[in-house]
Amino acid sequence: MAVYKVTVATGDMIGAGTNNSISITLVGSSGESRQTTVSSLFLPGKEKRLSVHCGQDLGPIVLIRLHKWRLFLEDAWFCKDVRVTAPNGTLYRFPCYQWLEGVTTVEVREGKKLVDDKLQILKEHRRQELATRQEAYRWKNFAQGWPRCLNVDSIFELDSNIKFSFTRATNFNGFLIFQGASHFLSGFLLRRTSWNSLDEMRTIFSRTQVPEYVAKHWQEDVFFGSQFLNGNNPIIIRRCTTLPLKFPVTTEMVSSSLGSGTDLGKELQEGRIFIVDYKVLEDIPTDTIYGRQQYIAAPLCLLHQGTDGLLRPIAIQLSQTPGSCSPIFLPSDDEWDWLLAKTWVRNADFYCHQLITHLLRTHLFGEVFAIATLRHLPTCHPLFKLLMPHFHFTLHINTLARSVLINQGGLIDKGSGVTYEGMLLVVQRGLEQVTYTSLCLPDDIRHRGMSEVPNYHYRDDGMSLWEAIESFVTGIVIFYYGGDAAVSGDTELQAWVMDIFTNGFLGRTSSGVPSSLQTVAELIKFLTMVMFTCSAQHAAVNNGQYDLGAFVPNAPSSMRHPPPCEKGRAFLQHFLDTIPEVATTANIVVALILLSSQLKDRRLLGQYPEEWFTEAEPRRLIRVFQGRLEEIRDQIEERNHQAELRYNYLNPLETENSISI
């Protein structure tokens, strides 16, 4: 008689326990046990212990079967893990971390290092798991030219294992209801008129430090320039060495901005001129809000790095076509002309940030990475264990976004100046321009010529996090893959990256995104990109939305007058009548508060409460990674201590593991 000691652990979240009956079968290389009842009462965070008696030694235990059945009412159960101690003292760990619902049997693999299987029963389990997942997680087209997404229509169709937890769902819904009610009761959502003054706009947001700073400094050229480095959209600015023909700025125009002893040609040659180009917005169709026509521009903005190292705008053109109806606005112009031109740039940046930098390049790509992982990497695959924590709640939040945020009649459709078709077109154009280089931070910084610009905290903090993630990934990959041949020969890995290339980047080879991975180095880079995109990059472009957008002139979601065709026509009331009216502002601010909020049940970068890895080396690598993140946190907080305006969006204490909001 062989006796196996078994411990079954229930998760500690609300509702994890069950009063349904759970039994277990042990499967070894030499046979399997009979089905043995564990219990019919499981409490959250608790363990059940039992002995399984077998007529013979089963050999190494390779998987277990958990059987759930009910006599009357359904009561879902969340299994954390199962541990089995064999008669010879060998401990086998079975990470589960999933909900069991209805009358069901779930097979769970032993957690040790496995890239390939020898036993036929394990090969069949691996094949069947992926077949089941590929049926459950299917692709669909949301819009032409967009990355493909999960084939569900609402969050109610989602599998429980990818839904918000009860705690998070309650916190999310309660937060939204409270904020909406607050703005409704205060009257903002009912006012469809212009703001009475610039000062009145400050009454809509809570008097927290950063929005107050923005409201005080938004008109200043230095603050305007700094947002291209450390604002919500820090990836669009690039060094300019040759002016494009469509932007005919002359030395005479900008001489007063450049200072004495230099000229535009010299500044271009010496690398102190930068450009921002919103061509992606050209000819995008515009909509009406409350019956009033809205407008959009596709501006170009030239910036200069002064002797103090700071960036300042020196020329703005509000269209892609120079001419008599597209003047070049300058800091020497009338105050309101220049301020209105800068506000048009901020409006263009709002669209590019929300639709491309934020939605496309983090949320939609993150969903692609998650679906491909679920479809092609079985639970026992080391890369599944590495990546899944970085997709926590992503499929839920994106499904929700398609229901209320980016759907026809949704918040973006109602609260911004572009039509629904225009929104679809912006994202489509954005995807056509995405390159692998632009997704890999070190390559992107070099490509944009931004390596030496001072005060570029997004770059500095981002590089620290990229290198920390890369070091962690390197350790994991080297531990599980013996060399390049192991990478190129991993058929599940190759199917995974091909699925991402095909459904995420629509098979566009010009993007440079790989469709296969042949070497250890290529795998490390690709995994680092995926994890960085889903954690640090999303934090950088998401967490400051309320801070920098609550004061509406700094990030207007729509413009109610067309771009000016001539100078000298702007004044305060015209400005107030151009930016969003009160009700539209209130709708956008509610969304920004929610998107920037810190909900309960969040998991910070480097936190891995699910112990998918059972070997000692990956656990050690996780601890080293966490230690490095603490060092980065200390460095950022030391820099911020003396700063009037802190850049904290890439502080590991503010950076979630996944795209979950």
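Hydrogens, waters and symmetry mates play no part in the numbers below; they use all other heavy atoms, side chains included.
A pairwise comparison of heavy atoms in G366 and C534 identifies CA-SG, 3.9 Å as the closest pair.
Between F224 and F228, the angle of the ring planes goes over 60°, which puts this pair in the perpendicular group of the 30/60° scheme. Using cut-offs of 30° and 60° on the angle between ring planes, the pair Y647 and Y649 is perpendicular. Aromatic ring pairs are classed by plane angle as parallel below 30°, tilted from 30° to 60° and perpendicular above 60°; the pair H353 and H358 is parallel.
Taking CD from Q354 and OH from Y351, the interatomic distance works out to 11.0 Å, rounded to the nearest 0.5 Å.
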_Verdict with reasoning, W218 to F223, per ring-ring contact (aromatic ring centres under 6.0 Å, His included)_ = CA-CA 6 Å; W218 70 281; F223 181 65; 9.5 Å; no
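At a threshold of 4.0 Å, the pair R272-E267 counts as salt-bridged, since one of the basic side-chain nitrogens sits closer than that to a carboxylate oxygen. For the pair D277 and R238, the salt-bridge criterion is not met [side-chain N within less than 4.0 Å of a carboxylate O]. With salt bridges taken as basic N to acidic carboxylate O contacts below 4.0 Å, none links D263 and K266. Ion pair R628/E631 flagged as a salt bridge, since at least one NZ, NE, NH1 or NH2 atom sits closer than 4.0 Å to an Asp/Glu carboxylate oxygen. Salt-bridge check for K525 with E522: failed, with every basic side-chain N at 4.0 Å or more from each acidic carboxylate O. Salt bridge present: E200 and R191 bring a charged side-chain N and a carboxylate O closer than 4.0 Å.
Ring centroids of F532 and W466 are separated by less than 6.0 Å, placing the two rings close together.
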